[in-house]
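Worksheet: the structure to be examined is printed underneath.
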Amino acid sequence: MADDVRLKPMAWVLIIIVVLGLVALGLYQGRDYIFPTGQKGGEVSKEDLGGKVEAPDTTGVTTVKEYKFVPKEVLPPVKGAANYRALRDNTVVMGLNVWAGWAPIFYANGGTDPNPNSLFAKKYGFKVAIKIIDSPSASINAFAAGDVHVTAWTLDMIPLFYEQLKADSRALPRAFLQVDWSNGGDGLVVREAIKSVADLRGKKVALAQHSPSHYLLLNLLINSGLQPSDVDFKFTEDAFQAAAAFSADRSLAGCVSWAPDIYKLSEVRGNKLLVSTATANKLISDVMFARADFVRDNPKIVDGLVRGFFDAADELKNEANKKKAAALMGKAYGLPADEAVNMLGDAHTTNYAENRDFFMNQNNPTNFERYWETASTLYMKLGSIASTVRFDQVADFSFIKALENVEPYASSRDEYTVTFTPKGVSSIKAEATEILTNTQQIHFYPNSSELFYKNADGGLYDPNATKILEEVGRLVGQFGMARVVIEGYTDSSMKGFVPFDAVRDLSMSRANAVKEELVKRFKLQPNQFSVAGEGWNKELEPGNHALNRRVEIKVYPLEQQ
Amino acid sequence: MKTALRKGLSRPVAIGLQVGSVAAILLLWFAVTAGSPEERFLSPLTLPSPGEVLAQIKSLWFDAALTRSIGWSMTRILLGFGLAAVVGIPLGILAGCLRSVEAWLRPITIFLRNIPIAALIPLTLVWFGLGESQKVFFIFIACVGFVVFDTTAAVLEVDERYVQTAWTLGAKPQHVVWKVLIPLALPAIFNSLRLLFGLAFGYIVLAELIDAKFGLGYIIQIAQRRGPREHIYLVLFVITIIAFAIDRFLFWLQKKLFPYMFAEE
């Protein structure tokens, strides 16, 4: 019976069309679920990097202010029995990559092998085995497995590691020593046409993802008012590949890489080194950290590592000892001796005073806390990590603090700060083009140059002033070897009513107010700054008074001394 | 036990054993990862528990864009491998027919079949830049030597008596090539392509080490660098499932195309 009911071919075609249409519609409607586009990097706003300021602090600070808390009480507790590989023959296993900054460690240990005659063994009673592990992920895998007890990487990478290690409280990183600041070891090489960082908008740049290169570029972009999405990142496996890609592929406008590649590349015609950590000398720092269970169970060894490091760093001031350290590193890295000597200059070893300033001084614009918060915030905004923790979950400055009255450490002095000589804006500009320009809209009360001008009700006229100062303070702190020009601008609302000289003076005193506040708040050198009043010159957008009332912070390379 | 040697199994028994093996591994996995993170036999950093791995499926699907990544990886593999087949098969047939060509190609195929593939990454980067072509050519270079070699072997293995029969029937050289050698070598060529495709699939992790915005290999690389590590395990399962499905599809196709090869089973 049913056999008689036959559909005509046309009907079949119609049914198929309808079914296909429904399927296509379903796929289209559900595209975000069936083909999600993945995590996209979000925007990074200026407020993100303004720090987590609780309340506007209008008093400013003139002295060093140290943290009062005790790390042990704040750090996440370690649960269970230790899970690292038991020390054989009292030997600590330390994973290190190929980098100049480890010179004091190599020197103290007399090479990579456990050594009964090493400084660590003779003075502090334990041995160290150095394993060269160049890949960050391999290194952190070994750390997670407990095969490596102690390692050192740049602080900006530790939030990424933390994300991986947080599943086991025993493997959490405890940062106890600042090893060095990158001092020319990292840099951005560009084609000649790129005059400043802002010119990278829409261009391709090769670099290794989630590395100090990435952190360097992100900071430069954000400080220049660009979003990460404004630049086409071409991610390579490591910095060497980024350099290789840059020389092979002319379509790349820049690459972030390491010494010596950045210097070799910049010697090629048509290329130049736009900025390196020789100028941004407090932007990238290496920090030594150990497994939490290891620190808990071996405080004497950690103390010995810290002291031994400072002892060796002191001995490395001697040229002959430097050569010795370079030879040991050259052997471990497979480099010729002279190349190893040259690479020593890429990093500045941080002494006790500098460590203390880094870990404990709340007012240091480039301290651990600010560095950690900046890196965590950037990587979270980019979607690289799902959550962030506070710096005090990682920084364990108890070993540094314990030495505050111990000689010779206690009497050491900061040796990484240059003394600036005063210089006029016009001569700075005549000698070089700026590396980047950071534009800030600070709202001054009309005709006032008071940064913390209070309204009649007692509230601040510009409640964002503290945040802006915080952000600029970090920027200036990072560029410890650069000249900073602060240009004040007014709006043009009074054009035609008052003489230009009057607004120029007003904008000059506004720029000065910013400078004075930065100097006071962060203990920066006044001579690093040069100020200029530009009045209503160079409007960003004619008629947009709120936008035009601003200060521009321009960073210039320091002249050769 | 003599009787069990090489003896076939009934289907239910075979399936039972397969299920049992998976169950045993799962059980072991549960056992060594049970308890709070610090009290387990294995730290979650060494091996996450099955529950922890499953909990990351959502983030693998959405945050890591699994489906898009599969699409990108498949495109790269198909292009690279397809190119290797398009170049390799004609060359292989030519080499199988003419010993002079075979001799000429031999050093090249020996080289291509023996180089450590990972060493090609920096070289392809310098030759092809950072874009898609680098990934496609990486897979091409990794596979083409094997395709040429296997194709040559397949042609050479055609029994000489078929060729002789064709000659006695008055065939011209082009007839021998088109009507005897190629048709008789095709099943073996197809079979080797099926196996080599699995090889190409394995290279995707290496191919996507540089500047991949999506891809299965890229997911593994990112998970290694900053977690979640559970993605690595999940992607390994996904790759296995896809590779197995493709292999079964090609096997089915093989049966359809060359039914006479499977007639006896």
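Every chain is numbered from 1 and lettered A, B, ... according to where its sequence line falls, protein lines coming before strand lines. Since this is a predicted model, take the numbers as computed values, not measurements.
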Select one option (side chain, backbone, both, neither) describing which atoms of [X] are under 4.5 Å from chain A's heavy atoms.
X: B:W127; answer: neither
X: B:F128; answer: neither
X: B:L66; answer: neither

Discussion item. Considering only residues two or more places apart or on different chains, which pairs with a residue in residues 194-213 of chain B satisfy ring pair (Phe, Tyr, Trp, His ring centres under 6.0 Å)?
Written reply: B:F81-B:F197
Is the [atom1] atom of [X] crowded by more than 12 outside heavy atoms at less than 6.0 Å?
X: B:F149; atom1: CZ; value: no
X: A:R31; atom1: CZ; value: yes
X: A:K79; atom1: NZ; value: no

Discussion item. Under a 3.5 Å cutoff, is there a donor and acceptor pairing between the side chains of A:N83 and B:R40?
Written reply: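 Not at all, the side chains of A:N83 and B:R40 share no donor-acceptor pair under 3.5 Å.
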Find the distance between [atom1] ([X]) and [atom2] ([Y]) and round it off to the nearest 0.5 Å.
X: A:D168; Y: B:S43; atom1: CG; atom2: OG; value: 3.5 Å
X: A:S137; Y: B:I220; atom1: OG; atom2: CD1; value: 12.0 Å
X: B:F214; Y: A:F35; atom1: CZ; atom2: CZ; value: 12.5 Å
X: A:D249; Y: B:L125; atom1: CG; atom2: CG; value: 8.5 Å

Practice prompt. Sort out for me which of B:L42, B:V126, B:L209, B:T46 touches chain A most, counting heavy-atom pairs under 4.5 Å.
Written response: B:L209
Practice prompt. Just give me the residue among B:E39, B:R68, B:Q224 that pairs up with chain A most often, heavy atom to heavy atom, under 4.5 Å.
Written response: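 Maximum pair count with chain A is reached by B:R68.
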Discussion item. Given heavy-atom pairs under 4.5 angstrom as the criterion, report whether the side chain, backbone, both or neither of A:L252 touches chain B.
Written reply: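 A:L252 touches chain B through side-chain heavy atoms alone.
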Discussion item. Taking side chain as everything from C-beta outward and backbone as N, CA, C, O, which of these in A:Y33 sits under 4.5 Å from a heavy atom of chain B? Side chain, backbone, both or neither.
Written reply: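 Contact with chain B: backbone and side chain both.
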Item to complete: Could you tell me which non-hydrogen atom of A:R170 sits nearest to which non-hydrogen atom of B:P37, and how far apart they are?
Response: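 Shortest heavy-atom contact: NH2-O, 3.5 Å.
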Discussion item. Could you report the tightest heavy-atom contact between A:P36 and B:A65, atom names first, then the distance?
Written reply: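 For A:P36 and B:A65, the tightest heavy-atom pair comes out as O-CB, 3.3 Å.
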Fill in: Residues from residues 200-218 of chain A approaching chain B under 4.5 Å (heavy atoms)
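The list, in residue order, reads A:A206, A:Q209, A:H210.
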Fill in: Inter- and intrachain pairs under side-chain hydrogen bond (donor to acceptor under 3.5 Å, both in side chains), touching residues 109-125 of chain B, at least two apart
B:T124-B:Q134
When heavy-atom pairs shorter than 4.5 Å are enumerated against chain B, which of [options] gives the highest number?
options: A:A145, A:S247, A:G80, A:P136; value: A:P136
options: A:P159, A:S169, A:A171; value: A:S169
options: A:I140, A:D32, A:L160, A:V78; value: A:L160

Worksheet item: Do any N or O atoms from the side chain of B:E38 and from the backbone of A:A81 form a donor-acceptor pair under 3.5 angstrom?
Response: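 Side chain of B:E38 to backbone of A:A81: no pair is present.
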Fill in: A:K166: salt bridge (Lys or Arg N to Asp or Glu O under 4.0 Å) partners, not counting sequence neighbours
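Partners of A:K166 by the salt bridge (Lys or Arg N to Asp or Glu O under 4.0 Å) criterion, ordered by chain and then number, come out as A:E163.
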